[in-house]
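See structure below.
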Amino acid sequence: MFRNRKPLPLVSMVLSALYFIYVISLGSSTMIGDEVGGDPGGMVFPLFLAIFMFLVSAALFATDRKDPSSSQGGMTSSQKRLFALTAVVSLLYVVLARPLGYILTTLWLLYILTFYYIQGDVVLKDLKVSLIGFVSSTVVMLALYSIGRKITRSLLLAARKGSIPSLLGSPSAVAGITLVVVTALFVALLFLSRKLLAKWGKSGSVHSAHISALVAIATTEFIYLIFRQLFLVELVRGIITW
Amino acid sequence: MDAFIQGFHQIANLSTIIWMSIGSIVGIILGALPGLTATMGIALMMPIAFQLPTATGIGLLLAVYCGAVSGASIPAILIGIPGNPNAIATVEDGLLMTKKGKAGEALGGAVVASFIGGIGSLIVLVLFSPLVARLTLAFGPAEKTTLALVGLVIIASVSGKNILKGLLMGAFGMALAFLGTDPFSNQLRIPFAKLLATTPLARGMDLTSALIGLFGISQVFFELSKPFEKTAKVDPIKIDKIFPSMRKLRDMWKIILSSLGIGTLIGAIPGTGASIAVFMAYNSAKSITENSKGKLEPLGTGTLEGVFAPEVANNAVTGGALIPALALGIPGDAATAVLIGALMVKGVTPGFHLFATNMSLVYAIFITMLLANIFMALFQLLGVRLYPKVLSVPQQILLPLILILSFIGAYAVAGQATAVGIFNLGIALFMGLVGYFLKKDNYPIAPIVLGLILGGMFEENFRRAVKLAGGNYLVFFTKPICLLFIGFSILSIALPAIKQRRERRK
Amino acid sequence: MKRTVLFLTSVLIILGLGTSLFAGGATETIYPDPEKNITVVVPHAAGGSTDLIFRALADEMKKASGVNFLVTNITGAGSATGANEVINSPADGYMFLGAGTHTTAATMQGLTSGYKDLDYVASLNWDPFIVAVRNDKPWKTFEELVKDAASRPGKISLGNAGMGGATGVASVGLNLAFSKSFNVTPFNGGADLIASVLGGHCDVGIFSQSEVVANSQSFRPLVILTDGHSSLASLASVPTLAEAGYPGITIPGGSFRSVMVKKGTSAEVKKWLADTVDKAFHSAAFEKFQKDNGLIPAFYKLDAFAEYDKTIIADYEVILKEAGLYAM
């Protein structure tokens, strides 16, 4: 009888039951100094909510059945692999962002996902090309980032010492100058890499790696400049300490 | 008048103009890309808005909002795929017009219609929100409790085919909102409280990260579960005539007015949204053309009327939805829910107090709304020839970008606090996966957002009302406003349920 | 093909390593680093009086030092969440807490390790509380209100801007002094409390002076909870508790604001911060701000501030213990 039931309402029933137990275990807490008040306490509402959710999910479990006529064939195996890859890479991103830092994790996430999305599947034979792209995009990224950092720091320090006008040393001006220089370098890189990789043509894994590397590098640096330098959001440094 | 001038000063600067232009363009692009919604656009731009002065930041978000709502009509007209639910009703006549070779007229008409809808509803917003705000003094804890209930129940009942799913999602959102500390006793209400007491979870579920997860990350996974869309090949379309003639507009005045009214009203009802308004406007336009004695062309045959009605309505929703959002702090739709979140993070609490003490900001918001509509019309007209190109950004590149922007967005909300930022990444990913599984089984997402926003408000005011009444739980049945709202909530559950049953019997 | 790839990667690696090394040398340790901002954690919602004070101070500190000061509002659990944020961050001087009596109260209620894990930088000022009602309510004086409350205990509601905060403690203290005859109810911040008192949903409220002044047409101030009169002309006639007929009652009748950093911050950093606060505090703009808002200056630096805070802690301990809020 469970064949055409959906699993979600069942999960929700279990969770509601757990929530109920949890709320009971917390106990009710009324306000201090409520001698003549009548504070219902912190338990009433969550408890009501737990019961409500349990009942609604039970009702859904009973009524919401799979439609046997429209069995949407589900995902193909290559889609499943891409989906799993995305989930794993995202999880790694969350876990590693702090120890490794924004620059590396962001670049890697973008590069890996774009590469395999363009390839359309995760297969072993792409591994070599993807690794080469991975390493070279990391190196280029670090170079680009380091140059940008050097410009930013020298400008800021110079402005503080008073050797350049303070307007040039303001955070937005510095971010702007850095952006212009880095963009120029990136465009040069674009042409150079296009020339070097021309013989592999406009398809195949080398092309994918090339495009993914460029997209990943540009996005990572651009987000860094906008968020870190223009909006002063403290992006994690991790192992890239400069 | 002083407040107006002050408000004007808050936004009369280059940075506001630049950011709003960017917002408008980003909004139109996001709106035009199938699968990306206005709500998601606002959620993605929110971290940037946080870093800007309040009025400029809100202006940016409003520009994204207006742009995304009207940008959705572009793919609907050109390739028959609505960019987001706002343009569902535009597809039929819009695509037919393109097939007839009148794509330019359809696109231009959609822009004009969106502009009329946006400006019209803005006028209503300016006229009525101060009035509504004054009324809110009559809203004590008991009234606020029932009002929050109405918002939750309506969104649960209208967003999706199955009302039980909507209710479950609303309750789930509320349960998430209760994480954190008890507002009355300061007791920690999180699982493993001893372990997690000093983690950011003690502050409760971070609203922005949850929103970004629910709308941004979940969409990435959802798109991944389908085959990659072939990049839309739009045949080179001849675009000559763009603006509808004045006479045509005059002939359509009834359609424009009814769509404007429907859009604004539906927008103003908490919890509803454009996807309902556009169909209602389309239906109403249908009956108007049938009674026009041949003056107007019938809908469904590729006529401008069929594009105008839903496009006026969906942009009218934007102004309408802002009325309860600004006056009461209750969002009119999911997109304004995110906007309220942005206001609250900026330290602006919508409601009477905002109108009483910070009228200049209110005026600034009104002016940015006007600008948002102007920019939207301007950039959309300028870009008419470029859209086919926008539609050809391959998903393979777009999806990783959305994923990373969602992550950075969730992180950046915490600003300087690294620990909180990393924690937010986790929340965003978690909510993204939860959102994916829910979407897959056709559970609506919007009720979760409303539950998250209204849950805290509901519980706090519920307890406050009972406490002020000396422990009397029946206090909600003694006040006329409360009774009205309770009745409204019951009706909005009962009617769709009855309708469902009737349909099932058939 | 292999050779080209090999050549490419080696070029890249050399390029990368070269620039990294060359950029790596650029890190210098100076406080404050020109690239970094100093975050001011305000543990209350933006727009409230605490927030406005620290925003004004941050502006002046920025002018005085050229360093970027960013105000972040981290609310919740009285003021404990914001305090915890500072305590959980590194003791490098790039984050300080908008501390004060709210921190003292939150620490004593066991919500945070608070002042035990914080170091003193500088104190700022006192903001006295005022008890007010809507002006069409029947109580003309504080005495009338107290007598009415005593005659029907629990029927008159006394609102505060949130439990755990300074108004919360003041309202509990007040209720205690008048044999618990009020129905003490917390609201969601000052704005919510004002709207509720204006709308008649709550009878009596505890406000800061600026909140009363902003609504002077509709509020009737009954009593000021400090020993002295208000320095604001429009509130100077509001009686103190003693003048209202209730001498000898001690209530933490105001909120006090100060600057604190995480314990373990180096002495030089603390001195730099204290000196910058000093300059900002004595700037014309901040002095005008304090005068306009009726704030009573109480400036002490470093060790002098630590001594001053001991007296506040001693006062609070008595009241919180009596109110049953003490959980340290």
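All chains are named by letter (A, B, ...) in the order of the sequence lines, taking the proteins before the strands, and each is independently numbered beginning at 1.
- Within the 4.5 angstrom heavy-atom criterion, atoms from both the backbone and the side chain of B:Leu401 approach chain A.
- For the set A:Leu8, A:Val215, A:Leu82, the count of heavy-atom pairs under 4.5 angstrom toward chain B peaks at A:Leu8.
- Put simply, the side chain of B:Asn424 never gets that close to the backbone of B:Ser209: no donor and acceptor are under 3.5 Å apart.
- For B:Tyr436, the part lying near chain A is the side chain, with the backbone staying farther off; criterion is any non-hydrogen pair under 4.5 Å.
- For the set A:Leu60, A:Thr114, A:Val236, the entry with the most heavy-atom pairs within less than 4.5 Å of chain B is A:Leu60.
- The parts of A:Phe83 that come within reach of chain B are both its backbone and its side chain, each placing non-hydrogen atoms under 4.5 angstrom from that chain.
- Per-residue counts of heavy-atom pairs under 4.5 Å with chain B were compared for A:Leu55, A:Ile112, A:Leu109; the largest is that of A:Leu109.
- For B:Phe178, the part lying under 4.5 angstrom from a heavy atom of chain A is the side chain only.
- Of the two parts of A:Thr220, neither the backbone nor the side chain holds a non-hydrogen atom closer than 4.5 Å to a non-hydrogen atom of chain B.
- Residue with the most contacts toward chain A among B:Phe437, B:Phe407, B:Phe462: B:Phe407 (heavy-atom pairs, distance under 4.5 Å).
- Residue A:Phe115 does not touch chain B at all, counting heavy-atom pairs closer than 4.5 Å.
- Within the 3.5 Å criterion, the main-chain N or O of B:Tyr443 finds no donor-acceptor partner in the side chain of B:Asp441.
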Step-by-step salt bridge (charged side-chain N to carboxylate O under 4.0 Å, His left out) determination, B:Lys226 to B:Glu223: CA-CA 5 Å; B:Lys226 304 183 291 185; B:Glu223 297 294 325; 3.7 Å; yes

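- In this structure, the side chain of A:Gln79 engages the main chain of A:Thr76 through a donor-acceptor pair within 3.5 Å.
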Before you tell me yes or no, could you show the steps for A:Tyr224 and A:Tyr145 under ring-ring contact (aromatic ring centres under 6.0 Å, His included), namely the whole-Å CA-CA distance, both residues' side-chain angles and the distance that decides it to 0.1 Å? CA-CA 9 Å; A:Tyr224 179 84; A:Tyr145 168 77; 5.2 Å; yes

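- A donor atom on one side chain and an acceptor atom on the other are not found under 3.5 Å apart for A:Trp108 and A:Ser137.
- A donor-acceptor pair shorter than 3.5 Å can be found between the side chains of B:Lys439 and B:Gln219.
- For A:Tyr116, no part lies near chain B; criterion is any non-hydrogen pair under 4.5 Å.
- The number of heavy-atom neighbours closer than 6.0 Å to OH of A:Tyr22, taken from other residues, nucleotides and ligands shown, is above 12.
- For A:Thr219, the part sitting under 4.5 Å from any heavy atom of chain B is the side chain, from C-beta outward, and nothing else.
- A:Ser212 places a side-chain N or O within 3.5 Å of a backbone atom of A:Ser208 that can act as its donor or acceptor partner.
- In terms of heavy-atom pairs under 4.5 Å with chain A, the best-connected choice from B:Leu425, B:Leu405, B:Leu224, B:Leu429 is B:Leu224.
- Considering only heavy-atom pairs separated by less than 4.5 Å from chain B, the leading option among A:Ile118, A:Thr86, A:Ile211 is A:Thr86.
- Between A:Phe48 and A:Phe45, the two ring planes are tilted [angle within 30° to 60°].
- With a threshold of 4.5 angstrom between heavy atoms, A:Ala87 approaches chain B through its backbone and through its side chain.
- Contact count against chain B (heavy-atom pairs under 4.5 Å) is highest for A:Leu110 among A:Leu113, A:Leu91, A:Leu110.
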